[in-house]
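Only one structure is covered here, and it is reproduced in the block below.
Count residues from 1 along the sequence.
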Amino acid sequence: MSLAGLNPQQREAVLHTEGPLLLLAGAGSGKTKVVTHRIAHLVAKGIDPAQLLAVTFTNKAAKEMQERVATLVGRQQAGGITVSTFHALCARILRSDIERLGYKRNFSIYGVADQQHLVRDLMAAIDPDHGLNADQILWKISDAKNRLVAPSQFGPFMTGDVIGAMAHQVYPEYQKSLKSYNAVDFDDLLMLTVRLFNEHPEVLTRYQERFRYIMVDEYQDTNAAQFELVRRLAGHWGNLCVVGDDDQSIYGWRGAEPGNILDFERHFPGARVIKLEQNYRSTGNILAAANAVIRHNAKRKEKALWTQGAPGDKLSLVTCLDAEDEARAVIERILHNLRQKQLKYRDHAILLRTNAQTLVFEQELRFAQIPYVLIGGQQFFDRKEVKDAIAYLRFLVNPFDEVNLLRILNYPRRGIGRTTADLLIRASVASGKPLWQVLRDGRGVDGIAGKAAEAIEGFVALIDAYKGRYRSGSDLAATTRGLLDAIGIVDELRRAPEPREQSDRRVENVQEIVNAIASYAERDPQPTLTGFLEKVALLDRDEQPGNDSKEKKLTQDAVVLMSLHSSKGLEFPQVFLPGCEEGFLPHKKSVSETFDVDEERRLCYVGITRARTRLTLLHARERKKYGKMEPRERSRFVAEIPGELLRPETRSVMVIEEFEEGASLSAMFDTLMARKAR
């Protein structure tokens with residue numbers, strides 16, 4: 001395999017194959033190229049592809065890596081390599097061996113909606129007047145699982161911490177309920193796999209011997225559970241290569257442990273460290289600004305990005321009057337670039353720290369008739385009508401899944417009201433029998449007779465019929481279409497008291513489920529309903545059907561509006577960072593609650609290094625808060641950038657107010673330029 005096109009450090013990383021290796025890959029330094037060439041080099045050396053494991057954080061990253069490796073070694077060889085996300089890898093391991101932990105192999109993977117439903121029920125049982133949000137409790141439980149803290153080890157919490165106290169009570173009951181429903185949540189995939197390895201070393205030995213060479217991408221984002229998983233898997237051969245950048249660790253709020261990469265040499269003695277500092281993305285001035293900012297973090301691996309390219313333009317630093325003026329300042333520059341530099345809309349990205357900043361930019365972009373795409377929004381499988389339909393599929397696969405059984409019991413309405421459902425639940429609790437077993441003998445439950453009993457019998461018959469159809473190996477998409485027709489979900493949506501346009505969208509979303517199943521069946525050589533549901537559970541946000549993917553949006557000729565967190569891994573010719581103020585960046589919670597702004601500084605660093613040729617930093621003198629204007633203070637991160645790298649501009653006149661809706665871009669631009677000339 002040719003190593004042409006690799007710089008000396010990249011080549012060294014590719015050729016170093018034995019023992020632990022920490023590859024510190026700065027922003028824009030070509031880390032994916034190095035990882036894929038390293039895999040190809042191992043295959044060229046004669047290593048069995050089945051002994052190679054590459055772990056990423058997103059399905060998109062895994063797919064890109066597979067495609068690049070296939071280009072280097074051929075599809076047949078690449079097909080034998082395991083390239084997977086952490087959660088997909090763990091799901092595969094558990095499907096094979098979870099029975100050792102007392103679960104059945106057809107376990108369900110609960111999404112956020114199912115988790116919330118279950119936690120709300122448990123909270124109500126503990127204290128009907130608790131007044132707490134289920135999401136707060138779930139966050140505590142998720143954080144515990146990411147740290148491999150079992151229910152018996154959870155707590156104690158400080159006096160007065162009502163959220164912690166409730167989570168302490170809910171967590172053990174939550175785990176018991178999940179197991180009784182033969183279900184796991186996303187965090188369980190990791191925690192249960194580690195537990196499986198701890199309690200059944202023969203299973204661990206099997207995977208250790210299989211994976212001789214292990215590579216982990218974005219290692220700075222791993223949590224305690226992922227670290228332990230990697231440490232165990234690499235325990236036999238010791239050939240672990242991790243790739244990451246501690247300066248881009250921005251997910252501490254969801255459990256990422258920067259210490260995993262900072263302490264790599266201590267965790268894996270004898271590790272080789274190679275730094276990739278040559279940047280192939282940004283101009284020299286942008287990199288100098290990024291280096292100057294991140295240098296203020298004390299706990300980091302020393303490195304500095306550099307480029308063989310030109311210094312480029314200085315960074316623009318724009319002081320605006322208020323939020324509206326800030327948005328207009330961005331629009332002026334976009335219009336200027338369109339007319340004077342022949343750039344496209346999609347060459348511009350507006351990166352925001354908070355969701356609260358989005359609205360004013362959307363309003364002003366629409367007013368100026370500038371097309372834009374907003375990265376994010378509600379996921380397809382989080383929409384109510386979709387969750388209702390998917391609940392049927394989940395229950396058909398797993399009859400112990402009582403959360404989804406209760407969701408579909410009377411949806412669409414079939415005459416099994418709350419009183420009947422309550423009688424069924426009480427009978428299940430009193431008898432110790434699963435709810436589905438009680439349902440099958442509905443007439444035997446005290447208080448259930450007549451139309452309610454007939455409705456239960458009809459529901460049981462429907463479920464039994466479709467269980468048989470799915471088991472028979474019939475066409476998945478056709479069977480699902482028949483199920484949706486049989487339950488009458490489209491008629492139910494049409495009856496909803498809402499505008500027809502909205503109900504039409506809901507019907508289309510339900511129909512999209514059938515399309516998603518058909519697409520899955522076309523790609524999978526042995527499609528099953530269980531396989532489809534697992535794919536749904538492990539989907540990245542950007543893969544949601546019914547939504548344009550991030551990749552599709554980024555190919556449109558439109559300005560990109562997105563959060564700083566979502567921008568990681570992307571790059572744009574022109575980047576705008578509005579809200580460079582105390583309270584936004586760094587965020588007020590980081591200052592007021594944690595007194596640790598290191599992660600906020602890393603987030604600023606990520607934003608700066610998204611820019612290829614031009615970066616504009618903006619801040620406002622004042623902003624509205626609860627309807628009143630309040631003064632704002634410029635971000636400390638701006639003060640950390642040397643003055644010689646900045647081109648300051650202070651705005652004193654609002655320039656777009658007089659334009660009426662429908663004004664052409666040309667007219668707007670000409671007027672703006674005339675004003676600037678005056």
Side-chain angles (χ1 to χ4, degrees), residues 6-35 37-39 41-42 52-57 86 146-148 190 194 197 204 207-208 211-252 255-279 290-291 294-306 596 598-599 601-602 605-606:
L6 300 177
N7 65 38
Q9 292 74 30
Q10 292 175 331
R11 188 178 300 110
E12 182 184 0
V14 168
L15 296 176
H16 183 87
T17 59
E18 307 306 307
L21 170 65
L22 169 58
L23 189 56
L24 287 172
S29 62
K31 68 180 178 66
T32 305
K33 181 177 183 179
V34 173
V35 173
H37 275 72
R38 192 171 187 272
I39 293 172
H41 174 66
L42 288 166
L52 303 181
L53 169 65
V55 187
T56 70
F57 273 83
F86 274 101
N146 286 333
R147 293 183 289 110
L148 296 177
L190 299 172
V194 173
F197 288 167
L204 173 60
Y207 286 100
Q208 283 181 332
F211 296 125
R212 183 175 173 183
Y213 293 91
I214 300 174
M215 281 145 283
V216 182
D217 194 15
E218 302 288 4
Y219 189 68
Q220 77 279 349
D221 295 333
T222 54
N223 58 34
Q226 288 160 332
F227 164 76
E228 191 62 22
L229 182 73
V230 170
R231 188 180 72 84
R232 295 300 180 88
L233 285 173
H236 180 67
W237 295 101
N239 298 323
L240 172 65
C241 170
V242 303
V243 185
D245 180 8
D246 53 299
D247 290 336
Q248 296 186 72
S249 180
I250 59 174
Y251 297 117
E257 294 278 0
N260 290 347
I261 192 168
L262 292 173
D263 298 330
F264 185 80
E265 295 104 307
R266 180 170 61 83
H267 296 148
F268 301 93
R272 180 75 170 274
V273 179
I274 299 174
K275 298 179 182 179
L276 300 183
E277 298 171 291
Q278 184 175 356
N279 179 280
N291 290 333
I294 202 63
R295 198 174 291 127
H296 285 76
N297 275 1
K299 295 181 179 179
R300 62 182 292 265
K301 298 281 189 180
E302 183 57 40
K303 59 184 128 15
L305 297 175
W306 63 276
D596 180 7
D598 281 8
E599 182 159 319
R601 186 175 280 107
R602 292 193 290 267
Y605 173 84
V606 166

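- At a threshold of 4.5 Å between non-hydrogen side-chain atoms, the residues His267 and Arg231 do not count as touching.
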In sequence, state the C-alpha distance, the side-chain angles, and the governing distance for Ile261 and Leu24, and then conclude on side-chain contact (heavy atoms from CB on, under 4.5 Å).
-> CA-CA 9 Å; Ile261 192 168; Leu24 287 172; 4.1 Å; yes
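- Atom CD1 of Ile274 is separated from atom CD of Glu12 by 4.0 Å, given to the nearest 0.5 angstrom.
- In this structure, Phe264 and Tyr219 have perpendicular ring planes: the angle between them is above 60°, well past the 30° mark.
- The pair Arg300-Glu302 meets the salt-bridge criterion, with a side-chain N (NZ, NE, NH1 or NH2) lying under 4.0 Å from an Asp/Glu carboxylate O.
- Using cut-offs of 30° and 60° on the angle between ring planes, the pair Phe227 and Phe268 is perpendicular.
- No donor-acceptor pair closer than 3.5 Å links the side chain of Arg147 to the backbone N or O of Gly255.
- Put simply, the side chain of Val243 does not reach to within 4.5 Å of the side chain of Met215, judged on heavy atoms.
- When all heavy atoms of Ser249 and Pro258 are compared, the closest pair comes out as OG-CG, 3.5 Å.
- The side-chain heavy atoms of Val230 and Val55, taken from C-beta on, include no pair separated by under 4.5 Å.
- When all heavy atoms of Asn260 and Asn223 are compared, the pair lying nearest together is ND2-O, 3.4 Å.
- Scanning all heavy atoms of the two residues, the minimum distance from Gly26 to Ser29 falls at O-OG, 2.6 Å.
- The line from CG of Leu53 to CD1 of Ile214 is 5.5 Å long, rounded to the nearest 0.5 Å.
- Using a distance-only test at 3.5 Å, with no hydrogens or angles considered, no donor-acceptor pair links the side chain of Asn291 to the main chain of Ala304.
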Might you work through the side-chain contact (heavy atoms from CB on, under 4.5 Å) test for Val216 and Phe86, ending with a clear yes or no?
-> CA-CA 9 Å; Val216 182; Phe86 274 101; 3.8 Å; yes
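- Note on Lys303 versus Asp245: salt bridge recorded, some NZ/NE/NH1/NH2 to OD/OE distance being below 4.0 Å.
- The side-chain contact (heavy atoms from CB on, under 4.5 Å) search around Asn7 returns Gln9, Gln10, Gln278, Tyr280, not counting sequence neighbours.
- No side-chain donor-acceptor contact under 3.5 Å links Arg602 to the backbone of Ile250.
- Judged purely by distance below 3.5 Å, without hydrogens or angles, the side chains of Glu228 and Gln226 never pair a donor atom with an acceptor atom.
- The backbone N or O of Ile39 sits nowhere less than 3.5 Å from a side-chain atom of His37 that would complete a donor-acceptor pair.
- Put simply, the side chain of Asn279 never gets that close to the backbone of Leu305: no donor and acceptor are under 3.5 Å apart.
- Distance alone, capped at 3.5 Å, places no donor-acceptor pair between the Asp221 side chain and the Ala256 backbone.
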For Val34 and Leu23, run side-chain contact (heavy atoms from CB on, under 4.5 Å): C-alpha distance rounded to whole Å, both residues' side-chain angles, the deciding distance at 0.1 Å, then the answer.
-> CA-CA 9 Å; Val34 173; Leu23 189 56; 3.6 Å; yes
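- For the pair Gln208 and Leu233, the tightest heavy-atom approach, listed with the atom from each and the gap, is CG-O, 3.6 Å.
- Of all heavy-atom pairs between Ala13 and Leu21, the closest is O-CD2, 3.9 Å.
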For the pair Asn239 and Glu18, evaluate side-chain contact (heavy atoms from CB on, under 4.5 Å) and give the outcome as yes or no after the intermediate values.
-> CA-CA 5 Å; Asn239 298 323; Glu18 307 306 307; 3.7 Å; yes
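- Between Tyr605 and Asp247 the shortest heavy-atom distance is CD2-O, 3.5 Å.
- Ion pair Glu218/Lys31 flagged as a salt bridge, since at least one NZ, NE, NH1 or NH2 atom sits closer than 4.0 Å to an Asp/Glu carboxylate oxygen.
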